[in-house]
Amino acid sequence: MHRMRFVGGVALLTVAMIGCGSTATSLAADGLIPSEPTLVEYADPSRVEGLTTATITDGDSGERRVHIVYPVLADAPGLTERLRAVVTERLDRFTATAVRPAGRDGSARPELNVDWLLPAATEQVVGVRLGVGELTQSGWRESRTTVWYDRVERRAVDSAGLLSGGPALASLAGLVRAELAGRGPGVDASAVRADARLFDSVGFNRHGDLVVEFDDYQVAAGSLGRVAVAVPAGRTEGLLSPTGLRARAAAVRAGRLPVSTPTAESIKASIKAAAAGKPPARSTRAGTVDCAAVRCVALTFDDGPGPATGELLDALAARGARATFFVTGSNAVARPDLLGRMSREGHLVANHTWSHRDLASLPPGRAAHQLTRAQEAIGQAIGQAPTLVRPPYGSAGAGVAEAARGLGLAVVGWDVDALDARDRDPRAVARRVVAGVRPGSIVLMHDVHRPAVEAVPEILRRLSAEGYAFVTVPELFGSAGTRPGQTYRSGPAAPAAPGGPAASARS
Ligand code: NI
């Protein structure tokens with residue numbers, strides 16, 4: 001099946017997957033590219049028909065931060081159910097045990113973050129690898145879980161379902177233990193037991209070798225990061241179930257892609273290549289509306305695209321309204337078609353990081369990687385580099401502003417929060433937005449929340465009646481534009497429309 005054509009997608013994994021034989025390194029060691037057998041290649045999700053995503057978020061409570069995304073395949077309901085069960089169990093456990101970590105600036109909050117990749121996606125089998133990050137008192141702790149869906153048997157199995165049974169699991173545990181025994185200090189081979197919970201993230205590399213990934217701390221000191229073992233294909237004969245054989249066949253059919261880590265230069269080059277033949281996105285043309293003379297508002301939609309984003313674009317188009325979409329890179333690679341549509345229809349597509357972790361909670365290298373990886377994914381989808389970033393949870397320190405400046409990104413906050421995760425009633429969302437908007441406002445909404453999308457026609461109708469024009473964020477600033485590294489929470493105050501009440505933008 002098709003493999004990722006974007007190198008950035010592979011890059012984080014290579015960074016995250018160090019640990020076999022060579023000096024083990026944590027994810028923070030950006031730039032290290034091992035050529036080693038535990039590297040698994042991933043399928044391009046945009047080629048998977050009927051794929052959308054489900055998002056679970058909680059950034060409002062103040063005490064916890066949660067951002068979970070997993071894929072939803074229209075023709076594999078059993079897979080969706082299984083994934084939902086896995087993330088719900090993790091979320092419940094997190095909610096029950098989360099303790100406020102000792103943040104560097106005292107502001108860190110417990111955080112749970114789940115993103116996903118497809119170790120395989122063919123007409124026979126689909127694999128979904130969930131990457132789970134949990135911010136604890138000792139820092140980020142990473143774990144992995146891979147769920148498989150057998151399209152022939154129409155059922156989802158956990159990774160142990162790739163094996164033919166208990167004796168096969170015991171044999172595999174023995175092989176893995178033997179391999180780990182040679183790893184040296186820090187790795188505890190005796191921790192490996194024939195327990196399906198330890199073997200919950202299993203896949204295959206392009207040679208058909210079976211790759212077992214362990215969670216942080218499972219078989220090694222946490223500082224070793226991901227520990228993984230590749231068992232040569234020849235030694236797993238007889239151990240695999242029919243689903244396991246299908247999964248292996250899918251991995252072997254993988255493409256051969258160069259692996260790299262995105263740099264400012266490589267991003268420019270890949271975006272330039274993606275832009276060839278595409279007309280410039282209209283959304284870059286600030287100043288089509290004079291926000292010094294007209295009441296302007298910038299509606300912004302974060303965390304998407306999601307299942308309701310197409311509907312939202314229809315609603316915006318019906319009113320000739322433009323908006324700004326802060327998308328995650330992870331979603332961008334799954335639905336580049338929707339990003340292309342945003343761009344063609346005059347909206348601005350902007351950076352909301354790769355997987356929506358609180359940037360202030362990450363070491364600087366990883367925070368920068370969250371930005372560059374999303375920059376590349378979005379740039380390849382729309383053919384131009386984003387110029388704005390909104391840090392997840394609105395949380396960014398000085399280091400993030402510096403990284404943003406380096407990538408040519410202005411940092412965008414908001415002055416009106418629709419609090420759309422809180423309401424199931426679109427009318428409540430619409431009321432809150434309409435009551436809060438002033439000329440120059442930047443409104444925070446989320447197109448992954450259906451009530452927010454359903455509130456948009458009402459918001460457009462009522463604010464249009466008040467004389468508002470709906471513009472992208474840069475348009476609020478007219479010819480002054482936005483500057484990389486600067487933070488913007490609302491546009492400059494605009495005079496009230498004739499006959500309207502005087503109002504000024506809050507900052
Ligand atoms: Ni967000």
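The figures here come from the full heavy-atom set of this structure, side chains too, leaving out hydrogens, waters and symmetry mates. Counting starts at 1 for both ligands and their atoms, following the listed order. The first residue in the sequence is number 1, and the count goes up from there. In this text, all values refer to a predicted model and were calculated from it rather than measured experimentally.
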Any donor-acceptor N or O pair under 3.5 Å, side chains Thr372, Gln375:
no
The Ni ion (ligand 1) contact by His446, N, O or S atom under 2.8 Å
no
Do His356 and Tyr393 make the cut of ring centroids closer than 6.0 angstrom?
yes
Going by distance alone, is a donor N or O of one side chain under 3.5 Å from an acceptor N or O of the other, for Thr300 and Trp414?
no
Presence of N, O or S from His67 under 2.8 Å of the Ni ion (ligand 1)
no
By atom name, which N, O or S atom belonging to His352 lies closest to the Ni ion (ligand 1)?
NE2
Cationic tip of Arg366 within the cone over Trp354's six-membered ring, i.e. under 6.0 Å and within 45° of the normal?
no
Check whether any N, O or S atom of Asp303 sits under 2.8 Å from the Ni ion (ligand 1).
yes
